[in-house]
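The block underneath contains the structure these notes are about, expressed in structure tokens.
The first residue of the sequence shown is numbered 1, and numbering continues consecutively from there. Below, each value reflects all heavy atoms present in this structure, side chains not excepted, and no hydrogens, waters or symmetry copies. Remember, it's 1-based here, ligands and their atoms both numbered in the order they're listed.
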Amino acid sequence: MGKDHILERIHDFVEPYKITSGKNFKLSDIDPGDTGPLTSEKKTQAKELLQKGIEYLAEMQDMLYAQDNWAMLLIFQAMDAAGKDGTIKHVMSGVNPQGCQVYSFKPPSEEELDHDWMWRYQRCVPERGRIGIFNRSYYEEVLVVRVHKQVLAKQKMPPSLVTKNIWEERLSDMACFEQYLARNGVVVLKFFLHVSKKEQKKRFLERLSLPEKHWKFSPADVLDRKFWDDYMEAYQEAIASTASKQAPWFVVPADNKWFTRLVVAGAIVETMAKLDLAYPTVDKKRMQELAAAGAQLMRSKD
Ligand code: ATP
Ligand code: MG
């Protein structure tokens with residue numbers, strides 16, 4: 001399968017889930033069980049395509065690293081058990097770990113709470129030449145913090161600044177931050193792995209029944225299911241307010257892991273293929289130096 005052919009096939013999977021504007025966006029229009037044009041009988045074809053996509057991704061990452069101009073920031077958001085960890089593991093399985101940085105954001109520490117909310121995320125923005133992954137991100141500041149008011153209370157904000165506009169203001173700051181990153185050559189892609197409440201229950205029960213998955217289970221996750229609708233509303237608004245051409249959202253159906261992985265890998269491959277990635281070229285003087293070094297090595301006796 002040639003690269004153009006891979007890109008062509010990938011495009012069909014990715015396009016329906018790519019959100020570049022909040023206008024007319026409705027989260028409820030996207031079915032978590034969707035598998036696009038592929039039925040589960042065609043899973044093997046999907047796996048082959050995923051494999052090719054992963055290989056292509058590794059090649060492009062090598063160039064991204066060598067060229068040292070662009071950076072990629074991949075943001076993963078989801079309800080629990082939607083498959084963030086597994087998706088990151090599979091999609092990035094071919095890339096060189098040296099060029100990749102993963103950050104998993106948990107509840108903030110005392111030190112982090114003593115700063116503006118973007119502080120801890122901003123410090124982790126990837127360097128040029130790297131792919132940075134945020135496993136949860138600053139979007140938690142308008143998700144968990146919005147759904148559970150007691151979390152906001154811990155943030156030590158001056159009370160006069162906590163108004164009914166706070167979520168709108170945070171979302172507008174996020175959109176500006178992403179524009180700033182885009183203008184600096186940090187390519188931002190945001191993934192919402194959209195799992196259904198029913199599939200989440202199934203996966204929680206599986207975690208409970210398999211000893212090797214017990215560590216992944218937290219009773220608090222079950223309590224959070226009560227706030228499902230509040231989370232969906234918060235996601236709806238977050239995605240609609242921050243989807244843009246330079247920092248698109250991908251609302252990825254997540255009830256079928258094989259399909260989720262294909263769409264995520266596809267979105268990354270498609271975006272990277274559009275960057276002007278190339279290995280740095282060597283000028284004439286440097287070529288002469290390399291030739292001289294080669295000749296010297298050939299002449300040496302040891
Ligand atoms: P898994 O799917 O394996 O459970 P996870 O990303 O949920 O992975 P956990 O360690 O279970 O990882 O949970 C991280 C927790 O940190 C989440 O409950 C999330 O809501 C919380 N969190 C992240 N950022 C913030 C924040 N800014 N304020 C408060 N809580 C946060
Ligand atoms: Mg969790």
Side-chain angles (χ1 to χ4, degrees), residues 32 73-92 101-125 132-157 161-162 166-167 169-171 173-174 177 190-235 237-239 242 252 254-257 260-261 264:
L73 174 58
L74 311 176
I75 288 180
F76 287 88
Q77 285 293 151
M79 296 299 280
D80 276 302
K84 281 184 283 109
D85 291 0
T87 303
I88 294 168
K89 187 164 130 189
H90 274 84
V91 172
M92 304 312 283
Q101 302 158 331
V102 186
Y103 296 96
S104 298
F105 292 99
K106 311 282 175 189
S109 66
E110 283 301 315
E111 188 195 16
E112 289 166 344
L113 286 170
D114 243 346
H115 291 266
D116 60 282
W117 56 261
M118 191 57 105
W119 183 75
R120 67 175 186 150
Y121 309 99
Q122 198 164 8
R123 311 167 84 200
C124 302
V125 168
I133 295 177
F134 282 6
N135 183 354
R136 299 191 187 269
S137 66
Y138 45 85
Y139 280 98
E140 291 296 330
E141 304 294 335
V142 291
L143 297 165
V144 69
V145 185
R146 183 174 191 171
V147 170
H148 297 287
K149 300 287 183 293
Q150 68 277 20
V151 183
L152 178 62
K154 283 194 197 147
Q155 292 195 340
K156 305 207 269 183
M157 293 277 292
L161 298 182
V162 182
I166 188 167
W167 312 116
E169 288 166 0
R170 286 188 175 193
L171 286 165
D173 291 340
M174 288 176 196
F177 179 60
K190 303 170 289 192
F191 297 96
F192 171 51
L193 307 191
H194 188 24
V195 74
S196 67
K197 203 175 174 188
K198 197 168 154 216
E199 178 65 22
Q200 190 200 51
K201 181 176 175 181
K202 200 178 126 210
R203 292 185 190 174
F204 279 166
L205 289 172
E206 193 182 278
R207 285 181 183 185
L208 285 169
S209 69
L210 297 171
E212 68 274 21
K213 291 209 172 176
H214 282 169
W215 67 275
K216 276 212 161 226
F217 186 81
S218 152
D221 295 346
V222 173
L223 294 178
D224 232 18
R225 278 169 65 79
K226 290 208 173 66
F227 298 92
W228 190 275
D229 294 345
D230 296 340
Y231 272 110
M232 290 306 119
E233 265 178 50
Y235 268 112
E237 207 177 316
I239 296 167
T242 59
V252 188
D255 279 5
N256 296 285
K257 289 180 181 172
T260 313
R261 290 167 190 172
V264 171

Protein N/O/S neighbour count - the Mg ion (ligand 2), strictly under 2.8 Å: 1

Proximal ligand 1 atoms for [X], defined as those under 4.0 Å from one of its heavy atoms:
X      : result
Lys216 : 3 (O)
Lys84  : 5 (P), 6 (O), 8 (O)
Tyr121 : 27 (N)
Val151 : 28 (N), 29 (C)
Asp85  : 3 (O)

Check whether [X] reaches the backbone of [Y] with its side chain - one donor and one acceptor, N or O, closer than 3.5 Å.
X      : Y      : answer
Lys257 : Ala254 : no
Glu233 : Asp230 : no
Arg170 : Glu141 : yes
Gln200 : Ala81  : no

Heavy atom of protein inside 4.0 Å of atom 10 (O) of ligand 1, strictly below: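 For atom 10 (O) of ligand 1 the answer is yes, since some protein heavy atom falls inside 4.0 Å.
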
Within-shell test, Phe217 vs ligand 1, heavy atom, strictly < 4.0 Å: no

To check your reading of the model: name the closest protein heavy atom to [atom], its residue, and the distance in Å.
atom                    : value
atom 28 (N) of ligand 1 : Pro108 CD, 3.3 Å
atom 20 (O) of ligand 1 : Glu140 OE1, 3.4 Å
atom 12 (O) of ligand 1 : Lys106 NZ, 3.4 Å
atom 1 (P) of ligand 1  : Asp80 OD1, 3.9 Å
atom 27 (N) of ligand 1 : Glu141 OE2, 2.9 Å
atom 23 (C) of ligand 1 : Phe105 O, 3.4 Å
atom 25 (C) of ligand 1 : Arg120 NH2, 3.5 Å

By ring-ring contact (aromatic ring centres under 6.0 Å, His included) - contacts of Trp119 (at least two apart): His115

Under 4.5 Å between any side-chain heavy atoms of [X] and [Y], yes or no?
X      : Y      : value
Phe191 : Thr87  : no
Val125 : Phe177 : yes
Val102 : Met92  : no
Val144 : Arg136 : no

Partners meeting side-chain hydrogen bond (donor to acceptor under 3.5 Å, both in side chains) with Gln77 (sequence neighbours left out): Ser137, Glu140, Tyr235

Which residues share a side-chain hydrogen bond (donor to acceptor under 3.5 Å, both in side chains) with Asp224, sequence neighbours left out: His148, Tyr231

Proximity winner for atom 22 (N) of ligand 1, if only heavy atoms of Pro107, Ser218, Ala220 are counted: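 Residue with the shortest heavy-atom distance to the ligand atom: Pro107.
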
Asp221, any N or O under 3.5 Å of ligand 1 N or O: no

Arg136 N/O under 3.5 Å from ligand 1 N/O: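 Yes.
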
SB check Lys202 Glu206 (cutoff 4.0 Å): no

Note: Asp116-Arg123 ion pair, threshold 4.0 Å (strictly below):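 Here Asp116 does not pair with Arg123 in a salt bridge, since their nearest N and O are not under 4.0 Å apart.
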
Parallel, tilted or perpendicular: rings of Phe217 and Phe204 (30°, 60°): perpendicular

